[in-house]
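A quick write-up on the structure given underneath.
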Amino acid sequence: MTDRRRSDDYKQISGYIPLDLALEFKSICARLGISQSDALEEMTQEWIAKKTDAHALNAQKATPKTIADLVRINMAKLKRCGVKNLPALAKGEVLPTPGDFAIITSALALPEEERKKIWQETFKISVYQDSQGVKVYKDSGGVKEDECEYS
């Protein structure tokens with residue numbers, strides 16, 4: 001799990017809201033089993049989208065090409081879907097299992113054609129067989145990089 005306080009990828013924000021609203025917010029987060037940070041991140045993304053009409057803009061500029069893009073763009077929505085290693089998936093450090101990919105794409109209600117495109121773009125693979133079995137490598141323009149790990 002990411003330590004958000006020490007991560008350069010996170011910044012603290014704060015504000016004051018009425019006591020009854022704060023207590024209800026904390027209660028709902030506890031009941032749903034989600035962190036207040038996750039809830040605030042999701043609400044902030046929705047608020048920004050609403051205020052900037054970002055739904056139309058994001059559809060144009062944030063079209064995911066790989067699984068890492070998909071997870072990064074939809075991190076707040078995916079935090080409750082049960083897939084582990086979301087931060088590592090978002091950075092492309094690990095690859096999801098086919099089951100985790102199915103969970104991610106189902107949670108986001110992606111059409112089958114888009115699922116296939118994202119899967120194929122992520123797994124432009126080179127496969128070779130040796131005495132230990134089949135190894136999968138990321139495609140890097142014909143040069144094999146480090147072996148990919150599944151999350």
Side-chain angles (χ1 to χ4, degrees), residues 1-125 127 134-140 145-151:
M1 180 167 197
T2 303
D3 183 357
R4 294 181 180 190
R5 289 180 188 209
R6 291 176 181 78
S7 175
D8 291 335
D9 295 330
Y10 290 88
K11 180 71 177 157
Q12 182 178 355
I13 60 171
S14 64
Y16 293 91
I17 59 174
L19 180 61
D20 59 336
L21 187 60
L23 293 174
E24 185 174 4
F25 171 72
K26 289 180 177 195
S27 173
I28 291 170
C29 287
R31 189 170 55 243
L32 295 175
I34 63 172
S35 73
Q36 293 174 37
S37 290
D38 288 345
L40 285 170
E41 183 178 342
E42 182 178 340
M43 288 187 293
T44 303
Q45 287 175 342
E46 290 174 7
W47 184 84
I48 289 171
K50 181 180 174 184
K51 295 297 182 186
T52 62
D53 197 22
H55 292 294
L57 295 174
N58 283 342
Q60 293 171 352
K61 69 179 183 182
T63 303
K65 293 185 178 170
T66 65
I67 294 169
D69 294 340
L70 183 68
V71 173
R72 191 172 39 259
I73 292 167
N74 296 288
M75 183 70 86
K77 292 179 186 174
L78 294 172
K79 288 190 176 180
R80 293 184 304 269
C81 74
V83 174
K84 295 180 181 178
N85 296 326
L86 284 176
L89 286 168
K91 291 178 184 176
E93 295 173 345
V94 297
L95 297 170
T97 62
D100 283 346
F101 181 72
I103 292 168
I104 290 166
T105 55
S106 293
L108 299 173
L110 290 184
E112 184 64 29
E113 199 55 42
E114 192 172 345
R115 292 177 190 210
K116 286 179 184 177
K117 279 186 202 176
I118 291 171
W119 182 265
Q120 290 169 351
E121 186 64 30
T122 301
F123 287 93
K124 285 185 174 177
I125 58 173
V127 178
V134 175
K135 295 191 178 185
V136 179
Y137 291 86
K138 284 186 183 175
D139 181 23
S140 58
E145 293 180 354
D146 294 334
E147 189 172 337
C148 297
E149 295 180 21
Y150 285 96
S151 65

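Atoms considered below: every heavy atom in the structure, side chains included; atoms not considered: hydrogens, waters and symmetry mates.
E121 meets the salt bridge (charged side-chain N to carboxylate O under 4.0 Å, His left out) test with K124; sequence neighbours excluded. For the salt bridge (charged side-chain N to carboxylate O under 4.0 Å, His left out) test, residues two or more places apart in sequence or in another chain that qualify with D9 are K91. Residues that satisfy the side-chain contact (heavy atoms from CB on, under 4.5 Å) test with I17, not counting sequence neighbours, are L21, A22. Under the side chain to side chain donor-acceptor pair (under 3.5 Å) criterion, E42 pairs with R80, not counting sequence neighbours. For E112, the side-chain contact (heavy atoms from CB on, under 4.5 Å) partners two or more places apart in sequence, or in a different chain, are R115, K116. Scored by the side-chain contact (heavy atoms from CB on, under 4.5 Å) test, R6 finds D3 as partners (sequence neighbours excluded). Considering only residues two or more places apart in sequence or on other chains, R72 meets the side-chain contact (heavy atoms from CB on, under 4.5 Å) condition with A68, D69, A90. The side chain to side chain donor-acceptor pair (under 3.5 Å) test applied to Q45 returns no partner, not counting sequence neighbours.
Applying the salt bridge (Lys or Arg N to Asp or Glu O under 4.0 Å) rule to pairs touching residues 13-28 yields nothing, sequence neighbours excluded. Listed by first then second residue, pairs satisfying ring pair (Phe, Tyr, Trp, His ring centres under 6.0 Å) with a partner in residues 81-107 read F101-W119, not counting sequence neighbours.
Atom-to-atom distance recorded for T97:OG1 and I103:CD1 is 7.0 Å, nearest 0.5 angstrom. The distance from atom CG of D100 to atom CD1 of I104, rounded to the nearest 0.5 Å, is 6.0 Å. The OG atom of S27 sits 9.0 Å away from the CG atom of L32 when rounded to the nearest 0.5 Å.
You'll find the side chain of E46 stays beyond 4.5 Å of the side chain of E41, heavy atoms only. Put simply, the side chain of K79 does not reach to within 4.5 Å of the side chain of I34, judged on heavy atoms. Side-chain atoms of L89 and V94, non-hydrogen and from C-beta on, do get closer than 4.5 Å to each other. Side-chain contact between R5 and Y10 is absent, with no heavy atoms from C-beta onward closer than 4.5 Å. Put simply, the side chain of L108 reaches to within 4.5 Å of the side chain of L78, judged on heavy atoms. In this structure, the side chains of L110 and I118 come closer than 4.5 Å at one or more pairs of heavy atoms. Inter-residue side-chain proximity for L70 and T105 is flagged as met; some heavy-atom pair is nearer than 4.5 Å.
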Next item on the list: Please step through salt bridge (Lys or Arg N to Asp or Glu O under 4.0 Å) for the pair D38 and K77, ending with a clear verdict.
Entry: CA-CA 9 Å; D38 288 345; K77 292 179 186 174; over 6 Å; no
